[in-house]
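Notes for the one structure printed next.
Sequential numbering from 1 along the given sequence is applied to the chain's residues.
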Amino acid sequence: MRKKIILSVCVLCIAVIVGIFVKLKTTKYEAVEISNVNLSTIADGIYEGDSKTNFVKVKVVVTVKDNIIQDIVIKEHECGLGKKAEAIVDDIIEKQSLQVDCISGATMSSNVIKLAVEEALR
């Protein structure tokens, strides 16, 4: 009898974990609206911003000089498998815009990083 209870609890736990995983995989995070920032209005300086969702938390430091984003440092990035999204800062610096494509397979982290940069520059 005790083995049946333990087995039932294990099966239930596995079912819950699988359900959560399926829900996370099917949830759409692409719909986040990122506004572009007019860099010509940003004074030279170092700006901090952060953003978070239920699953991802990001803190950034953005350096602006001569109305150009010189550097973006990710001070904190709590994420699951979205670590590769950190490469998006190179795209933002290269294009001098937040209107860059998300890193494939790390959409949520990419968007949260972009939102943190947007907040820093606001």
Side-chain angles (χ1 to χ4, degrees):
M1 181 68 165
R2 186 172 184 205
K3 288 182 182 180
K4 286 183 180 181
I5 292 172
I6 292 172
L7 181 62
S8 296
V9 169
C10 288
V11 168
L12 180 62
C13 287
I14 291 170
V16 168
I17 290 169
V18 168
I20 291 170
F21 180 75
V22 168
K23 177 68 175 164
L24 289 176
K25 289 303 248 181
T26 58
T27 303
K28 299 291 182 193
Y29 297 101
E30 295 84 9
V32 174
E33 187 172 324
I34 310 286
S35 300
N36 210 12
V37 177
N38 183 353
L39 290 170
S40 68
T41 64
I42 308 292
D44 291 356
I46 298 172
Y47 303 93
E48 294 185 16
D50 61 76
S51 184
K52 65 181 177 178
T53 67
N54 292 337
F55 309 106
V56 179
K57 181 179 180 182
V58 174
K59 289 185 180 182
V60 298
V61 176
V62 181
T63 303
V64 176
K65 185 168 175 34
D66 299 324
N67 304 108
I68 295 172
I69 299 172
Q70 298 289 321
D71 193 27
I72 301 170
V73 176
I74 297 175
K75 300 298 274 184
E76 181 180 343
H77 185 197
E78 294 176 14
C79 62
L81 301 174
K83 194 75 170 165
K84 64 183 176 179
E86 293 180 4
I88 201 164
V89 298
D90 296 331
D91 295 339
I92 294 169
I93 293 169
E94 178 184 330
K95 294 188 177 175
Q96 293 295 302
S97 173
L98 296 173
Q99 305 304 311
V100 297
D101 292 336
C102 290
I103 303 299
S104 180
T107 301
M108 183 169 37
S109 283
S110 296
N111 280 330
V112 176
I113 291 169
K114 290 194 289 185
L115 286 169
V117 172
E118 178 185 19
E119 182 192 271
L121 297 175
R122 294 237 170 260

Q. Quick one: are Lys114 and Val100 in side-chain contact, heavy atoms under 4.5 Å?
A. yes

**Q.** Over all atoms of both residues, closest heavy-atom pair of His77 and Glu86
**A.** ND1-OE2, 2.8 Å

Q.
If you count heavy atoms of other groups shown closer than 6.0 angstrom to CD of Gln99, is the number above 12?
A. yes

Q) Distance from Asp50 atom CG to Glu76 atom CD, nearest 0.5 Å? A) 8.5 Å

Q: Please confirm whether the backbone N or O of Cys102 pairs with a side-chain atom of Thr107, one donor and one acceptor, at under 3.5 Å?
A: no

**Q.** Value rounded to 0.5 Å, distance of OG1 in Thr41 from CG in Asn67
**A.** 8.0 Å

Q: Taking all heavy atoms of Ser110 and all of Ile103, pick out the closest pair and write down the distance.
A: OG-N, 3.0 Å

Q | Any Ser109 side-chain heavy atom under 4.5 Å of Val58 side chain | A | no

(Q) Give me the atom names and distance for the closest heavy-atom approach of Ile92 to Ile69. (A) CG2-CD1, 4.1 Å

**Q.** Inter-residue atom distance Lys52.NZ - Leu115.CG, 0.5 Å rounding
**A.** 13.5 Å

Q. Shortest non-hydrogen contact from Ala120 to Val62?
A. CB-CG2, 3.9 Å

**Q.** Heavy-atom neighbours of Asp101 CG exceed 12 at 6.0 Å
**A.** no

Q.
Between Glu118 and Arg122, does any side-chain N to carboxylate O distance fall below 4.0 Å?
A. yes

Q. Could you state the interatomic distance from CG (Asp66) to CD1 (Ile42), rounded to the nearest 0.5 Å?
A. 13.5 Å

Q: Please examine the side chains of Lys3 and Ile6, heavy atoms only from C-beta on, and report whether any two atoms are closer than 4.5 Å.
A: no

Q. So which heavy atom on Glu119 is nearest to which on Gly49, and how close?
A. OE2-CA, 3.3 Å

Q: With the side chain counted from C-beta on, respond yes when Val117 and Ile88 share a heavy-atom pair under 4.5 Å apart, and no when they do not.
A: no

Q) To the nearest 0.5 Å, how far apart are CD1 in Ile46 and CG in Asp71? A) 9.0 Å

